[in-house]
Amino acid sequence: MKLKIDNKKDFIGNVLGPISNLNDKTVIKVEKNKMSSITASNDATLVLYSETDIEADSDKSINIPDIKKLVRVLECVDNENVTLDISSNNIKYSGDNFKFTYHLLEDGIIKLPSINVKKINDLKFDTTFKVSESRLSSLFKGSSFTTETNKLYIYFENNKIHGELGDKMRQNSDNFQCVLADTYEGATLTKTLPVNFETFRLINFNKCQDIEFAINVGFGVVKVTLNRNKTKLIYIVSALIN
């Protein structure tokens with residue numbers, strides 16, 4: 001199978017990079033006009049569904065044992081337009097200046113997350129709102145102050161969506177609060193939703209102007225959707241138990 005990558009930098013930054021933040025291994029499903037993958041973090045509290053437009057001459061599942069290793073060898077290639085030859089057990093590239101062979105795993109070795117993306121997309125979310133990259137930057141800067149905690153609380157106050165870093169279960173715990181969104185759609189958040197901030201850090205927010213959040217309070221699920229050129233990233237975050 002031949003897989004054509006029009007922009008190597010975007011492919012690494014928008015597809016492989018976000019996956020590698022969660023796990024070293026993944027299975028990428030390639031179809032003639034798109035590729036997709038479902039990857040879970042090691043503790044399964046964060047799941048990423050990635051979908052990107054791509055050009056391939058057939059369908060195949062690619063079982064990648066080490067995403068970061070694949071990124072490193074692709075970065076050595078001096079062309080942005082790259083065509084990869086993919087067989088049952090390896091990925092090969094042959095250019096004027098560089099050649100490489102990257103070996104793959106057999107089907108069934110990498111365990112896929114037990115999550116149905118269609119059911120998640122069909123799930124009714126109570127509240128949706130968009131967060132700018134600058135607001136998220138403020139939140140991450142605040143984490144340098146709240147070093148004793150790894151909890152992020154998402155809550156509603158004064159008709160706005162707020163985020164608080166702190167630990168409501170500990171006395172004398174420092175906290176940092178900031179507005180995440182000035183407007184929202186749907187129902188008002190009736191209770192605070194806590195998530196693991198270290199899990200939240202694994203989401204690749206870089207260079208996204210508006211990030212869409214959707215919350216289902218009953219199931220304790222936060223869906224985060226990012227669009228980057230030809231790639232859509234959908235993160236599913238499991239809330240902490242109060």
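Grouping the Ile, Leu, Val, Met, Phe, Trp and Tyr side chains by contacts below 4.5 angstrom, directly or via other members, places Ile86 with Leu70. Hydrophobic clustering keeps Ile19 apart from Leu105 (ILVMFWY residues linked when any side-chain heavy atoms are closer than 4.5 Å, directly or through intermediates). Ile109 and Ile64 fall into different hydrophobic clusters, defined by Ile, Leu, Val, Met, Phe, Trp and Tyr side-chain heavy atoms under 4.5 Å apart, directly or through other members. Grouping the Ile, Leu, Val, Met, Phe, Trp and Tyr side chains by contacts below 4.5 angstrom, directly or via other members, places Leu3 apart from Val27.
With a 4.5 Å cut-off on side-chain heavy atoms, Ile12 and Glu75 count as touching. Side-chain contact check for Ile38 versus Leu112: every heavy-atom pair is 4.5 Å or farther apart. Contact annotation: the side chain of Val77 approaches that of Phe100 to within less than 4.5 Å [non-hydrogen atoms, C-beta and beyond]. Side-chain contact between Arg201 and Asn150: absent, with no pair of heavy atoms (C-beta onward) separated by less than 4.5 Å. Two residues are said to be in side-chain contact when any heavy atoms from C-beta on lie closer than 4.5 Å; Phe205 and Phe200 meet this criterion. For the pair Ile161/Val179, no side-chain contact is recorded, criterion being any heavy-atom separation below 4.5 Å from C-beta on. At least one side-chain heavy atom of Ile28 sits less than 4.5 Å from a side-chain heavy atom of Leu16.
Within the structure, the ring pair (Phe, Tyr, Trp, His ring centres under 6.0 Å) test picks out the following pairs touching residues 131-152 (sequence neighbours left out): Phe140-Phe197. Annotation: side chain to side chain donor-acceptor pair (under 3.5 Å) contacts involving residues 53-72, sequence neighbours excluded, comprise Asn63-Asp107. The side chain to side chain donor-acceptor pair (under 3.5 Å) pairs that include a residue from residues 221-241 are Asp10-Asn229, Thr52-Thr231, Asn204-Arg228, where partners are two or more places apart or lie in different chains. A ring pair (Phe, Tyr, Trp, His ring centres under 6.0 Å) check over residues 164-192, counting only residues at least two apart or in different chains, returns the pairs Phe156-Tyr184. Applying the side chain to side chain donor-acceptor pair (under 3.5 Å) test to pairs two or more places apart or on separate chains, those with a residue in residues 94-105 are Asp78-Asn97.
For the atom pair CG (Leu193) and CG (Asp126), the distance works out to 10.0 Å, reported to the nearest 0.5 Å. Remark: Asn21 CG to Leu48 CG distance equals 9.0 Å, nearest 0.5 Å. Separating the CG atom in Leu165 from the CG atom in Leu139 is a distance of 4.5 Å, to the nearest 0.5 Å. The line from CD1 of Ile234 to CD of Glu212 is 9.5 Å long, rounded to the nearest 0.5 Å. Separation of atoms OG (Ser37) and CD1 (Ile110) is listed at 11.0 Å; rounding is to 0.5 Å. The NZ atom of Lys92 sits 11.0 Å away from atom NZ of Lys2, with the distance rounded to the nearest 0.5 Å.
A pairwise comparison of heavy atoms in Tyr153 and Gly166 identifies CE1-O, 3.5 Å as the closest pair. Summarising the geometry of Cys208 relative to Leu226, their closest heavy-atom pair is SG-CD2, 3.5 Å, with the distance given to 0.1 Å. Looking at every heavy atom in both residues, Val47 comes nearest to Ala40 through CG2-CB, 4.1 Å. Of all heavy-atom pairs spanning Asn7 and Glu80, the tightest one is OD1-OE1, 3.3 Å. Across all their heavy atoms, Gly163 and Leu180 have their closest contact at N-CG, 3.7 Å. Summarising the geometry of Ile215 relative to Phe129, their closest heavy-atom pair is CD1-CE2, 3.7 Å, with the distance given to 0.1 Å.
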Q: Carefully, step by step, assess Thr199 and Asp43 under the rule side-chain contact (heavy atoms from CB on, under 4.5 Å).
A: CA-CA 9 Å; Thr199 297; Asp43 62 1; 4.1 Å; yes
Q: Go through the steps for Phe213 and Thr127 under the test side-chain contact (heavy atoms from CB on, under 4.5 Å), then give the verdict.
A: CA-CA 8 Å; Phe213 283 70; Thr127 308; over 6 Å; no
Q) Does the pair Ile154 and Leu189 meet the rule for a side-chain contact (heavy atoms from CB on, under 4.5 Å), with working shown? A) CA-CA 9 Å; Ile154 301 173; Leu189 281 177; 4.2 Å; yes
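Asn79 places no side-chain N or O within donor-acceptor distance of the main-chain N or O of Asn81, the cut-off being under 3.5 Å. Looking at Thr146, its side chain never comes within 3.5 Å of a backbone N or O of Asn175 through a donor-acceptor pair. Using modelled atom types, no side-chain atom of Asn158 and backbone atom of Lys160 make a donor-acceptor pair closer than 3.5 Å. Between the Arg170 side chain and the Thr149 main chain, no donor and acceptor come within less than 3.5 Å of each other.
Grouped with Tyr155 in a hydrophobic cluster is no other residue, since no side-chain heavy-atom contact under 4.5 Å to another Ile, Leu, Val, Met, Phe, Trp or Tyr is found.
Crowding of Phe219 atom CZ: a count of heavy atoms from other residues, nucleotides or ligands under 6.0 Å not exceeding 12.
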